There are 2 protein chains.
Amino acid sequence: MQSYTEENYLKTIYHLAERTTNVQTNAIAEQMQTKPASVTDMIKKLADKGLVDYIKYQGVTLTEIGKNTAIDIVRKHRLWEVFLVDKLNFKWDEVHDVAEELEHIKSVELIERLDEFLGFPKADPHGDPIPDKNGRFAKTQFIKLIELKVGDSGTITGVSQHSSAFLKHLEKLGLTLGKQIQISDVTDFDGSVEIKLSDKQVNISREVAKHILISSNGKN
Amino acid sequence: MQSYTEENYLKTIYHLAERTTNVQTNAIAEQMQTKPASVTDMIKKLADKGLVDYIKYQGVTLTEIGKNTAIDIVRKHRLWEVFLVDKLNFKWDEVHDVAEELEHIKSVELIERLDEFLGFPKADPHGDPIPDKNGRFAKTQFIKLIELKVGDSGTITGVSQHSSAFLKHLEKLGLTLGKQIQISDVTDFDGSVEIKLSDKQVNISREVAKHILISSNGKN
DNA sequence: AAAAATTTTTAGATTTACCTAAAAATTTAA
DNA sequence: TTAAATTTTTAGGTAAATCTAAAAATTTTT
């Protein structure tokens with residue numbers, strides 16, 4: 001059984017490990033809004049519990065058990081986000097903080113029943129995949145919008161940025177999950193992208209285009 | 001802002017204050033499964049924060065703020081219990097522990113939307129009243145089943161015992177909330193009560209009868 | 001391959017919520 | 001109304017998770 005804090009460390013390490021193999025102390029500290037010295041302390045504790053492998057000065061990796069624990073927290077977080085949006089009518093930019101709390105409620109029964117109540121969703125309101133109760137993720141085929149060429153089309157199926165400001169911006173432009181899009185132009189000057197939606201045309205900056213994920217339905 | 005632990009103390013004091021005016025240190029300790037010395041420490045802290053009035057050796061009472069905080073936690077607990085039973089199909093004897101955790105999730109928006117989603121329920125699965133968002137309880141008129149005379153009838157609307165064993169027992173006898181009952185006999189020997197339900201007759205001990213609450217529809 | 005810069009760890013404190021043991025106050029009983 | 005029993009508080013300590021400041025290890029730069 002892990003404490004609230006231990007769970008947060010495991011989750012953070014899990015997410016950071018999606019980018020690098022050995023997760024560094026400073027990276028964890030920055031992510032968790034704490035100091036490197038505190039991270040070192042906690043890492044030792046997690047290592048003692050067999051949740052991470054740790055070599056001094058070399059960063060950490062999750063053990064099998066540590067990884068499973070982290071995935072379980074991710075699962076809970078994303079299921080609660082679906083609940084908040086689908087059942088309680090929260091907007092996709094409003095759910096993160098509450099889900100950060102709900103993810104720590106300890107009851108296997110609760111999550112299994114919630115999963116069923118929600119219809120066993122495969123993705124959360126931002127398109128992030130929800131692992132099943134065995135920790136397995138559905139395979140996802142995302143391409144960053146920025147990588148598409150003029151004429152390519154696809155469906156918005158995710159975002160790689162969860163800040164409220166970014167999500168509100170997309171909402172305003174009508175770029176929400178499930179929308180069909182086609183690239184009509186890419187501006188040489190600043191790399192901004194002109195996008196054709198079913199009913200209108202919108203222009204987004206290169207920065208925004210980087211964080212929209214598309215499930216492609218073929219090149220032109 | 002209160003900690004998880006402070007919230008639990010306030011809730012415990014609130015419930016104990018339903019029986020006695022000045023809540024004693026030992027009573028709190030017993031209820032919270034902790035030691036009197038720890039309670040004294042926490043009481044001082046709560047007094048410093050203006051949540052309880054405290055005179056050494058005389059026990060505590062909640063201040064207006066403390067009471068409102070406690071009522072808010074009770075509200076959250078009971079709403080979550082309704083969610084668990086109505087939406088996730090938990091049984092009424094399975095919800096307490098999970099609700100003990102859920103009641104500490106801090107989001108006003110969440111609870112208001114949950115309340116709406118559940119249809120603004122007035123009572124939880126055990127018949128306990130749910131305060132509205134201003135902390136006001138609907139007036140309830142309960143009589144203990146034990147106080148009814150032979151021939152009296154009414155509707156089961158609550159229980160004053162929440163142990164899983166007790167609730168499972170009632171479930172098995174078919175004595176669940178909303179059921180119409182009539183007292184057909186009270187045994188002189190042991191005070192056990194014979195009850196007529198719509199479809200059957202059941203016998204319950206005096207001890208069980210003490211903890212069933214009835215909204216009476218008149219004497220015979 | 002030293003020197004400089006960065007990263008990480010250690011050492012020693014702090015805060016919260018506990019604890020035990022002993023002292024003090026209050027209540028009950030003789 | 002003392003003595004005994006009970007309740008409550010105080011005093012001193014512990015474990016978890018944090019911190020600052022300084023030391024040690026590693027990496028980068030020259």
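Below, chains carry the letters A, B, ... as their sequence lines are ordered, and counting in each starts from 1. Only a predicted model underlies this, so the values are computations on that prediction, with no experimental measurement involved. Heavy-atom basis, side chains included; hydrogens, waters and symmetry copies ignored.
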- Message: A:His104 vs A:Asn8, test: side-chain hydrogen bond (donor to acceptor under 3.5 Å, both in side chains). Steps then yes/no.
- Response: CA-CA 9 Å; A:His104 299 290; A:Asn8 279 333; 2.9 Å; yes

- Message: Checking contacts here: which listed nucleotide (D:dC19, C:dC19, D:dT9) is nearest the side-chain heavy atoms of A:Asp41?
- Response: D:dC19

- Item | Options C:dT10, C:dC18, D:dC19, nucleotide nearest the side-chain atoms of B:Thr34 | C:dC18

- Item | Residue B:Glu194 excluded, over 12 heavy atoms near CD under 6.0 Å | yes

- Query: From C:dT9, C:dC19, D:dT9, pick the nucleotide closest to the side chain of B:Thr40?
  - Reply: D:dT9

- State, yes or no, whether a side-chain contact exists between B:Lys49 and B:Ile65 at a heavy-atom distance under 4.5 Å. no

- Task: Report yes if a side-chain nitrogen or oxygen of A:Lys44 is closer than 4.0 Å to either non-bridging phosphate oxygen (OP1 or OP2) of C:dT10; otherwise report no.
- Result: yes

- Is there a residue in residues 99-106 of chain B whose heavy atoms reach under 4.0 Å of DNA chain C, and which residues are they? none

- Query: Could you spell out the base pairing of DNA chain D in dot-bracket, with Watson-Crick or G-U pairs whose two distances are under 3.5 Å, [ ] crossing and | to another strand?
  - Reply: ||||||||||||||||||||||||||||||

- Message: Testing A:Lys76, A:Arg78, A:Lys11 one by one against A:Glu100 for a salt bridge (charged side-chain N to carboxylate O under 4.0 Å, His left out), which residue passes?
- Response: A:Lys11

- Note on the structure: With the side chain defined as heavy atoms from C-beta on, B:Lys35 is closest, among D:dT18, C:dT20, C:dA11, to C:dT20

- Message: Is the ring pair B:Phe137/B:Tyr14 parallel, tilted or perpendicular, if the boundaries are 30 and 60 degrees?
- Response: parallel

- Message: Below 30° counts as parallel, above 60° as perpendicular, anything between as tilted: where do the rings of A:Phe166 and A:His211 land?
- Response: perpendicular

- Item | Member of B:Asn203, B:Ile156, B:Leu145 meeting the side-chain contact (heavy atoms from CB on, under 4.5 Å) criterion with B:Ile195 | B:Leu145

- Return the residues of residues 12-26 of chain B meeting this criterion: a heavy atom under 4.0 Å from some atom of DNA chain C. Order them by number, or give none. none

- Message: As a test of reading the structure: which of C:dT20, C:dT9, D:dT9 is closest to the side chain of A:Tyr54, going by heavy atoms?
- Response: C:dT9

- Item | Closest-nucleotide 5' rank along DNA chain D - winner of B:Val39 and A:Tyr57 | B:Val39

